[in-house]
Amino acid sequence: SQQGEEDPQALSIQEGENATMNCSYKTSINNLQWYRQNSGRGLVHLILIRSNEREKHSGRLRVTLDTSKKSSSLLITASRAADTASYFCAYYQGAQKLVFGQGTRLTINP
Amino acid sequence: DAGVTQSPTHLIKTRGQQVTLRCSPKSGHDTVSWYQQALGQGPQFIFQYYEEEERQRGNFPDRFSGHQFPNYSSELNVNALLLGDSALYLCASSLVTDTQYFGPGTRLTVL
């Protein structure tokens with residue numbers, strides 16, 4: 001079963017707009033990661049944020065982490081058609097097991 | 001620098017058969033993890049191999065087994081296939097427990 005929760009499950013926006021996805025988790029974590037998946041293929045690692053960080057940027061991506069609320073958000077600015085994909089948050093449960101949420105399906109409309 | 005590779009890309013089997021999926025880790029990585037992703041769901045952890053030993057296992061039956069070779073490549077074996085085993089099987093490699101790099105996956109269809 002999934003132990004991470006992404007919200008919303010699906011998001012459709014116009015090209016150029018910003019997209020925000022949220023993730024909640026249930027346990028203490030050392031870090032939280034975001035992945036992208038195109039058309040049911042392999043996952044691409046986007047960004048990792050450690051538990052002692054509150055915000056991290058990478059290009060058009062901005063990730064925040066609130067460990068008191070056990071939540072994280074991923075913001076994609078100035079969206080492009082190529083950003084259409086599913087986005088997953090993931091965290092380690094123990095040292096080896098990466099736990100994923102069900103993902104947010106993002107559609108960018110031209 | 002080659003990333004994680006998996007073979008085959010697609011596979012069709014019938015119920016009761018056995019299947020072997022293969023994974024070559026990213027250069028320099030010594031740890032391989034396997035995940036099952038059903039349609040519309042997030043990946044679920046099957047198990048992880050390090051130094052040719054299974055280090056941790058997810059909630060999967062013994063029909064799922066694996067192996068890691070001295071060159072760090074890995075195999076996932078599934079016996080007595082069920083319709084519910086139809087999924088995308090993902091392999092990921094890592095060196096430390098920070099970032100796992102995923103391969104393109106093997107799409108298994110059980111008829």
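The structure displayed is predicted, hence computed values, not measured ones. In the text below, chain A, chain B and the rest are named by the order of the sequence lines, each starting its count at 1.
Both M21(A) and L32(A) are assigned to one and the same hydrophobic cluster, defined by single-linkage of ILVMFWY side chains at heavy-atom distances under 4.5 Å. By the rule that hydrophobic residues join a cluster once side-chain heavy atoms approach within less than 4.5 Å of another member, V19(B) and W34(B) end up as members of one cluster. Under the 4.5 Å side-chain heavy-atom criterion for ILVMFWY residues, no single connected hydrophobic cluster contains both L75(A) and I47(A). Neither F45(B) nor F64(B) shares a network with the other; the hydrophobic side chains, linked directly or stepwise wherever heavy atoms of I, L, V, M, F, W or Y lie under 4.5 Å apart, form separate groups for each.
For CG of L83(B), the number of neighbouring non-hydrogen atoms (other residues, nucleotides, ligands) closer than 6.0 Å is greater than 12. Counting heavy-atom neighbours within 6.0 Å of D66(A) CG, excluding the residue itself, gives a total above 12. Annotation for R60(A): atom CZ counts as buried by contact number, over 12 foreign heavy atoms lying within 6.0 Å.
Using non-hydrogen atoms only and a strict 4.5 Å limit, no part of residues 68-79 of chain B faces chain A.
Across every non-hydrogen atom of R41(A) and T9(B), the tightest pair is NH2-CG2, 3.5 Å. Between Q56(B) and K97(A), the shortest heavy-atom contact is OE1-N, 3.4 Å.
Side-chain contact annotation: Q100(B) with Y35(A), donor-acceptor N/O pair under 3.5 Å absent.
Within the model, atoms CG of L88(B) and CG of L43(A) stand 8.5 Å from one another, a figure rounded to the nearest 0.5 Å.
For chain A, no part of F47(B) is nearby; none of its heavy atoms comes within less than 4.5 Å. Only the side chain of R107(B) comes within contact range of chain A, with at least one heavy atom under 4.5 Å from a heavy atom of that chain. Interface remark: Q6(B) contributes no atoms to any contact with chain A (heavy atom separation under 4.5 Å).
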Ignoring hydrogens and angles, write down the donor-acceptor pairs under 3.5 Å from the side chains of residues 8-17 of chain A, residues two or more places apart or on other chains.
{"unit_1": "S12(A)", "atom_1": "OG", "unit_2": "N109(A)", "atom_2": "ND2", "d": "2.7"}
{"unit_1": "Q14(A)", "atom_1": "NE2", "unit_2": "P110(A)", "atom_2": "O", "d": "3.4"}
{"unit_1": "E15(A)", "atom_1": "OE2", "unit_2": "A81(A)", "atom_2": "N", "d": "3.4"}
{"unit_1": "E17(A)", "atom_1": "OE1", "unit_2": "Q14(A)", "atom_2": "N", "d": "3.0"}

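Annotation: salt bridge (Lys or Arg N to Asp or Glu O under 4.0 Å) contacts of R63(B) (sequence neighbours excluded): D85(B).
Ring geometry, Y101(B) versus H45(A): the interplanar angle falls from 30° to 60°, so the pair is classed tilted.
Through ILVMFWY side-chain contacts below 4.5 Å, Y50(B) is grouped with nothing and stands alone.
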